[in-house]
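Bear in mind that the values here come from a model prediction, so they are computed numbers and not experimental data. To find a chain, count down the sequence lines: A is the first, B the second, and so on, and within it residues start at 1.
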Protein chains: 2
Amino acid sequence: MTTPGRPPTMEDVAAEAGVSRALVSLVMRGSPKVSELRRARVLEAAERLRYRPNAMARSLASSRTMTIGVLLNDLHNPFFADIAGGIEALASELGYQLLLGTGRRHPERERTVVTSFVDYRVDGLILVSPRLDEADLAAAARSIPTVVTGREIDAPEIDTLAIDEPLGVRAVVSYLAGLGHTEILHVTGGDGAGAATRLQCFRATMEAAGLGPGRLIEGDFTEEAGVQAAQAILTRGDLPTAVFAANDLTAAGMMDTFVRAGLRIPADISLVGYDNIYIAALRQLSLTTVDQPRAAMGRQALELLLERIDGRTERVRRLLEPRLIVRDTVGRARSR
Amino acid sequence: MTTPGRPPTMEDVAAEAGVSRALVSLVMRGSPKVSELRRARVLEAAERLRYRPNAMARSLASSRTMTIGVLLNDLHNPFFADIAGGIEALASELGYQLLLGTGRRHPERERTVVTSFVDYRVDGLILVSPRLDEADLAAAARSIPTVVTGREIDAPEIDTLAIDEPLGVRAVVSYLAGLGHTEILHVTGGDGAGAATRLQCFRATMEAAGLGPGRLIEGDFTEEAGVQAAQAILTRGDLPTAVFAANDLTAAGMMDTFVRAGLRIPADISLVGYDNIYIAALRQLSLTTVDQPRAAMGRQALELLLERIDGRTERVRRLLEPRLIVRDTVGRARSR
DNA sequence: TTGAAAGCGCTAACAA
DNA sequence: TTGTTAGCGCTTTCAA
């Protein structure tokens, strides 16, 4: 008999249908080796009792959770939200659940989040631009299939999915150089691993183009960082001809600040962002930037992960191609 | 003995520490009634084996999952991402996990997501602007504590948290009316429940202000809807003096389209958004809009939910105050 | 303060 | 095709 108040169990359904619990289990999992008669009877009983299988119990018994842990920096940044959206879209198609956590760029906090994912025995881990060190990442990956995006990792048990950073940065610098820019300033993304790569590429490309090391201002991928960087530039009074911001958010903050200060873009200063989040396309910003296929990144990260879950052991490192999106914030270098 | 490959269980720790499994359980849950000697011994053993409790097993045995199911429309919309961010911040503070799903505005899809949350026996449900009908919502709420945001629900087992819609809309309309606007067009949010309320308030306020029913164009809360609405207005050639868009995204799309068509804002047409997402503050848009405290909404939704989980049974319906944020997209009505 | 034992609701051999 | 029987790893009485 079913006790009202307590949700019905498989046992209740079995009793109601007059069959064994195991048979109900088979039916619930859509096994083909159940007679139509019984299947119908079980389904009816389940319907009658409004039975729903308990995913926890199922997971415990089968040691599969159909759940993926996703670690993001923060949800407010549309860049990460878009990646999460891409993951979510495919996950829901395939019946996977998403356990979501944010690291807020603190390695310790990330460790906590990953640990709790591990506690939940998620089937896999997608770590988006994690700040954790390689040792921690490798440790996690040894117990659970793991894909890292936005950063390259050496550990053989970790798949990585990243943008071809040199390609994107080179596109920016050579585009700027082609328009006569020689004094190019880069506002960095700070201490994040992705930022480091971008910075390094910037330096290398500048040198290769014979433009010297380039000027730098430290940032942290936020709009606020852009505001501060722009203020610093204005205060210093020594304007570069072009600015390459670590991302669109930062570029937006800079543009805002420059415009408030009376500068015209691109007449007085050229500006390039990175990411191509949707605000970049707004006419009011019309920001020249580098497109990163974010939803595709999310989707492919999950694809790689599922391959791992299915048993692949060779490491995969996928590189996605960024594209320069030319809009209206870059002009010819002003003459000095 | 611990089998390498399999993660250690409580049993392994008990053996390693020379105590019973139940005692290990007590220690892991921080029970005070364990002698310091044993506690230390257990903790050491756990450390040695790198033991981590299995959350699934714990949930199954205790029938608490420490997990909250969060249903959003979609992650790409920063409005929802911000709410999710607010929820996540508090959840992580309190040791709760977030199971995340998106409904993409399809009731059937929402039902699927909610069902899978129920399958996981999450401790609570936060449904952000759900499209599901009240019967489905009430059904879910009967088995799991539920908070709905962005929409008012009658069911007594559901707490709701919403913006004081009439207040926000009234602020917009009376502000516009005060500047001499009489032909005000509203671009709606379509079939969403939130949109319906906003629309209804718009109509009521317009009538109350003696401005007639107001003109309407149907939208769906997207930027694209704004583009299309603006194009429709331009094609028709009959410009209202002011447009009140259902949200900032839509307003951004409209502004973009108007500007591309050579209109000046607010000289030729005034524009008001809703939400105050961060793009509204950018100088290049500087959109007059209505601020909705999104992160606070997320946070409070979780607070209400936790009260329910702790046993509160009286219904709570909280109303948050929106604020008109005056920027630069509204001017005096142009003379005809 | 500690331990023994009975579940939590399900899956997964294996037998029938 | 169906049922039986062990678990999955933990919590929770209840005794000791």
Task: Close side-chain approach of A:Val114 and A:Thr112, heavy atoms under 4.5 Å - done: no
- [ ] Side-chain contact test, heavy atoms from C-beta onward, threshold under 4.5 Å: evaluate it for A:Ile126 versus A:Leu302 and give yes or no.
- [x] yes
For residues 33-42 of chain B, tabulate all N or O donor-acceptor pairs below 3.5 Å that involve a side-chain atom, not counting sequence neighbours.
{"unit_1": "B:Ser35", "atom_1": "OG", "unit_2": "B:Arg38", "atom_2": "N", "d": "3.3"}
{"unit_1": "B:Arg39", "atom_1": "NH2", "unit_2": "B:Ser31", "atom_2": "O", "d": "2.7"}

Restricting to pairs with a member in [range], which pass salt bridge (Lys or Arg N to Asp or Glu O under 4.0 Å), not counting sequence neighbours?
range: residues 93-107 of chain B; answer: A:Glu88-B:Arg104, B:Glu93-B:Arg299
range: residues 50-62 of chain A; answer: A:Arg52-B:Asp119
range: residues 66-80 of chain A; answer: none

Please enumerate all residues that pass salt bridge (Lys or Arg N to Asp or Glu O under 4.0 Å) together with [X], with sequence neighbours excluded.
X: A:Glu11; value: A:Arg21
X: A:Asp136; value: A:Arg111
X: B:Arg315; value: none

Open item on the list: Applying side-chain hydrogen bond (donor to acceptor under 3.5 Å, both in side chains), can you list everything that pairs with A:Asp82, at least two apart in sequence or on another chain?
Closed with: A:Arg294, B:His76
TODO: Return yes if a side-chain donor-acceptor contact under 3.5 Å exists between A:Ser129 and A:Asn73, otherwise no.
DONE: no
Task: Terminal helix-axis angle for the helix from C:dT1-D:dA16 to C:dA16-D:dT1, with five pairs defining each axis and rounding to 10 degrees - done: 30°
Task: Nucleotides bounding contact with chain B, strand DNA chain C, heavy-atom threshold 4.0 Å - done: C:dT1 to C:dG9
Open item on the list: Does this structure show an ion pair linking B:Arg318 with B:Asp159, if we count only N-O contacts that are shorter than 4.0 Å?
Closed with: no
TODO: Would you indicate what B:Leu60 reaches in the nucleic acid, counting non-hydrogen atoms under 4.0 angstrom: base, sugar-phosphate, or nothing?
DONE: base
Open item on the list: Heavy atoms within less than 4.0 Å of DNA chain C: which residues of residues 31-38 of chain B have one? Give them sorted by number.
Closed with: B:Lys33, B:Val34, B:Ser35, B:Arg38
TODO: For nucleotides 11-16 of chain D, just jot down a letter per nucleotide in 5' to 3' order: B, S or -, based on protein non-hydrogen atoms under 4.0 Å.
DONE: BB----
